Structure formats: structure tokens, C-alpha cells
K.L.:
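Here it is: the structure, laid out below.
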2 protein chains.
Amino acid sequence: MDETQSKLLDAAGPIFAEPGYRAATVREICQQAGTNLAAISYHFGDKENFYVAAVQHAARGCMDRVPLPDFSGNETAEERLHLFVLTMLNRVAVDHDPAWHAQLLMREMVLPTRACAEFVRDYVRPMHDMLMSIVSELMPGESEQRRWLTAASIVGQCLHHRFGRAVMNELAGDSLVADISVDALARHITEFSLAAIGASASEADGRLTAVKKTRRRIDAASGELKFQKQRGSL
Amino acid sequence: MDETQSKLLDAAGPIFAEPGYRAATVREICQQAGTNLAAISYHFGDKENFYVAAVQHAARGCMDRVPLPDFSGNETAEERLHLFVLTMLNRVAVDHDPAWHAQLLMREMVLPTRACAEFVRDYVRPMHDMLMSIVSELMPGESEQRRWLTAASIVGQCLHHRFGRAVMNELAGDSLVADISVDALARHITEFSLAAIGASASEADGRLTAVKKTRRRIDAASGELKFQKQRGSL
DNA sequence: AAGTCTATCAAACGTTTGTTTGAAAGGAAC
DNA sequence: GTTCCTTTCAAACAAACGTTTGATAGACTT
């Protein structure tokens, strides 16, 4: 990977993520990257190809920063679900140092473009497969559609704390009710879902040693985990 | 309301909803509305004010089409939750005749603009209050934050079938696993949430007469309830 | 040392953008 | 019929956009 291309992709992320594709100008991106105006056309052909590359770049960055947990094999399904939820929240709901990785990917999810298929294949599919295997183990004998719906319920709970953030902040006002740590959030979603499935949530709550280990690893890698306020513009 | 303004707002909805604010041109909107190019500047000042008006217009349209249920008072909390979920899904997850109402509002939710505060006040807040009262009745004695988290879990499940639709279609491929009716979806989310809360889901499932009545009313008002594929462009 | 390929640069290109302008048209009031 | 106010219209405006151009400099090959 050329150095100029890296600089362009890094500079493009926040600009594509914040005001969107159309509002982002190649002039601003190039200026931010410290390159010439013609650099994008030269290296990527045109703006649209460059955007697709930026989405892939964001997906790689997001996966590198918060990798999927690799289970040793002796965790219970409940523990694995808790770890999955925690990982997912750290990927999408938490603003890490460069916050635009997740922002750009979430934009791609709601407003899919040409980059969507690849995004699903590289980023979404692995998470989906992992969750489906956990859910299948938690509710054996159920139909595939019921497991699919259950997975959708779990994912929806996680994603809501990204997509609904602006509205929830507006809704909560000065109340501290929406101010909650990622760990508490993961615990709630896990217990909520386990109770819904019918498994014993309290049973899973007792032995979460593996969760604590991974949580520490994520904390160390990502530094600040607090939520940020966001207010967009037109 | 002037007739020209109505025509402009109606024409603007799908154009603002589909490619977004920046990509929408006043020329195309005016041409679609059959008005002169200067009409938007004349009646609304500038494009940004006009966009805010379009969002308000969409919110009114969406609330008129799928009004909140007015409970007679003798429904159980479980029935009320089921009705609420069904209403919410019909508002956000289903593409009605003019599909752009919900599209524009969901865009406003994820990418908030100046129109967000008013959108929350008029559209989101009433739904939130209703859900919170139901949840409070379902889990008495719990802290406000736990009720808030529970409400977020329920709302997140509903919204996911709008925000995650493109990705879920891509994920499901040719499989029919993601092809599900709104009624079945509402039933799943309601049972899932009731089980999570700890209330008896089967108890609520037995007597859903009020639900059936309202569902018929919604069906009659909205006609086609099937999901639509959507594939965006840059 | 001459030739070749690649990357960068300032400048300019043609288009499209939101907005403004001044004239023209339509009523309502008197 | 004259005046006044609102609305519509075609035309033009300046600004910003993505992209292209031709020149320049450097690195590598022969």
C-alpha cells in the first residue's frame, strides 16, 4: 500500500463519515491528507471508487481494533453470548480514538452503497455466523427462522445504542438515565436475551471469568470508552 | 397551507429520503412538483429551512397513517405491549404506499440535523412515553434505569428491521429466513421481550382480541404491507 | 548518460449547485 | 381604472464541484 494512499484513506474516513459522501469534497480530503488535489483521481480513478476503498479501510481498522473473541472451547454458550455482545458493543456503540471507523460502517449499513456487499462479506458475516452458532446452541431444536429472529433481536439491541444515540440523548435531556457504561449495557442485553430465550441468566452471571479477561484486553486497547454526544449538520 | 407548498413538500419527500439532503437538488424537486425553480427560495427561504419543513411534513404523515393506539383501559399490559410493537413496526419497518415518510424520519434519527429536536418532541416522545408506561406496569419496583434499558431493548428490536434491512437481505441471500410478515415479527418481539422481563408470554398470547382489531384497522388503512428491497446509490 | 516509467504539482476545464433578480401576471380594495 | 400586494416566471449569478491537463521531478533500467 502506497503511503499517499494510506494518508488519503485516513483523512477521508472522518470526512466521509460525518457529513456523508456527497457533502465530502475531494479538495478537503486532499488538503487534510496533505496531498495534491489530483491524488484521488490518480490513485483511485474517481471519487466513488475511492469511497468504496475508504469503507473497506474502515472495516479493516474496526476489525483490527476490536477483534472477534476466539473461544477456547470451554466457555458455556451463555459466556460466549456475553462476550459476543460485549465485542459488538465495543465495535459499534463505543467511540474509540478514531471514532469514524464505526461511524462510516454504520452509515454503510443504513444507507448501503456499492461497498455494501463486500462490507457484509468481510465484516458482518463473521459476526453473524458466530452469533448464530451461539444461538443455535442456546436453543436447540428450534427452527432456523426462530433462531434467525432471536439473533436479530440481540443484534438490534446492540445496534440501537449507536443508531438511536442522538434521539436517546435528546429524549433523556439532563437525566442521567441514558448514561451507562458499556459493561453494564452488555450485561443488560445478555441477561435480557438469555431470559428471553429461556436459559438461566443468573446461571451465566455467576461465572464470567472469561468475560472479565477479554474486557480488560479491550479496555487496554481502546483507552477511553465513554460515549460521545453527536450532533449532525445538514 | 398553500397548495404550492404542499406540492413542494410532497415532491421533496422521496428525493430527500432516497439520496439524501446534499444529493437532492432544488431543480429536481421543483420539476417534480411542477413549480418554478425559485419557489423553494420564495416560500421557505432556503433549502435548509425547506428540509426541516419536509421532515415535519413526513412526521405528520407518518403519525396520521399509523396513529398510536388509544387504549380503552381494560387491556392488560401484555396486550398493550403487543399493540405498541405492532404499531411501531408498522410505522418504521413497513414500506407503505408512500414509503418515504418513514425513510426520511429514520434518516433523521441516524443522521440528526436541525430538524431532530422537533422530530423527537412531536414524534418520538409520545411513543417513548407510551412504552415507558407499559414497561413500568410490567416491571413494577424496578429502577428507572432498568426500565429505560428495557424500553431501549424493545425499541432496538423494532428499529433493527428497518436499519438492518439491507444488510439482512444481503446476509440472507436467497434464503427465505428473513422473509417474514409484520404480524409474525410483532409476535416474536413481544414474546421475546415479555419472556425477558419475566412476565408470562403465553398468558398474553392467549387473549389478543384487541390486537386483532387494531391490526385490521391498520391493514385497511395501509394496504400493502410487504417489505421492499432497497439498494442505495452514492 | 540517455531513456522510461511513476508520482506529484499548479492550473484550468466544463458542469452543476443554491440563490437572486426584475419583469409579468393575477386579484382584492377603494 | 388605479393602486397595492402576493405569487410565478425565465434568466442569470457567483460559487463550488469532480476531473483533466501538461509540465516537472525523481528513480530505476540499460
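Just so it is clear, the model here is predicted, and its values are computed rather than measured. Protein chains get the first letters and strands the later ones, always in sequence-line order, with residue 1 at the start of each.
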K.L.:
Reckon B/T25 touches a base, only the sugar-phosphate, or nothing at all at heavy-atom distances under 4.0 Å?
P.N.:
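Sugar-phosphate, no base atom in range.
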
K.L.:
When the distance from CG of B/D46 to C1' of C/dG18 is rounded to whole Å, what number comes out?
P.N.:
9 Å

K.L.:
Would you sort out whether B/Y21 and B/R107 count as a side chain to side chain contact (heavy atoms under 4.5 Å, CB included), showing the intermediate values?
P.N.:
CA-CA 10 Å; B/Y21 173 79; B/R107 177 183 284 271; over 6 Å; no

K.L.:
Could you tell me how far apart A/Y42 (OH) and D/dA23 (P) are, to the nearest whole angstrom?
P.N.:
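The answer, rounded to whole Å, is 17 Å.
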
K.L.:
Provide, to the nearest angstrom, the distance between the CD1 atom belonging to A/I40 and the P atom belonging to D/dC17.
P.N.:
13 Å

K.L.:
Whole angstroms only, please: what is the CZ-P distance between B/R22 and D/dG18?
P.N.:
10 Å

K.L.:
Could you check, using the six-membered ring where one of them is a Trp, whether B/W148 and A/H188 have ring centers closer than 6.0 angstrom?
P.N.:
no

K.L.:
Would you tabulate the nitrogen or oxygen pairs shorter than 3.5 Å linking the protein to nucleotides 9-13 of chain D?
P.N.:
residue: D/dC9; atom: OP2; partner: B/N36; partner atom: N; Å: 3.4
residue: D/dA10; atom: N7; partner: B/N36; partner atom: ND2; Å: 3.3

K.L.:
Please step through side chain to side chain donor-acceptor pair (under 3.5 Å) for the pair A/Y123 and A/Q56, ending with a clear verdict.
P.N.:
CA-CA 9 Å; A/Y123 185 89; A/Q56 298 172 3; over 6 Å; no

K.L.:
Would you say C/dA7 has OP1 or OP2 under 4.0 Å from some side-chain N or O of A/T4?
P.N.:
no

K.L.:
Without decimals, in angstroms, what is the distance between A/I29 CD1 and D/dA16 P?
P.N.:
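Distance, rounded to whole Å: 17 Å.
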
K.L.:
In whole Å, what is the span from the CG atom of B/L8 to the C1' atom of D/dT7?
P.N.:
13 Å

K.L.:
Quick check on A/E118: does its CD atom have over 12 non-hydrogen neighbours (other residues, nucleotides or ligands) under 6.0 Å away?
P.N.:
yes

K.L.:
Run A/S133 and A/R80 through side chain to side chain contact (heavy atoms under 4.5 Å, CB included) and show every step you take.
P.N.:
CA-CA 10 Å; A/S133 88; A/R80 299 218 311 262; 4.1 Å; yes

K.L.:
Taking 4.0 Å as the cut-off, does a side-chain nitrogen or oxygen of A/H43 come that near to OP1 or OP2 on C/dT8?
P.N.:
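Yes, within the criterion.
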
K.L.:
Side chain of B/V26 only, heavy atoms from C-beta on: which candidate in D/dT8, D/dT19, C/dG18 is closest?
P.N.:
C/dG18

K.L.:
Quick one: does any side-chain atom of A/N90 pair with a main-chain N or O of A/L86 as donor and acceptor, under 3.5 Å?
P.N.:
yes

K.L.:
Between A/P19 and A/P14, what is the shortest heavy-atom contact and its length?
P.N.:
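Answer, listing the atom of A/P19 first, then A/P14: CD-O, 4.1 Å.
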
K.L.:
Starting at atom NZ of A/K47, determine the distance to atom P of D/dT19, rounded to an integer number of angstrom.
P.N.:
8 Å

K.L.:
Roughly how many Å is it from CD in B/Q31 to P in C/dG18, rounded to a whole number?
P.N.:
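Whole-Å distance recorded here is 13 Å.
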
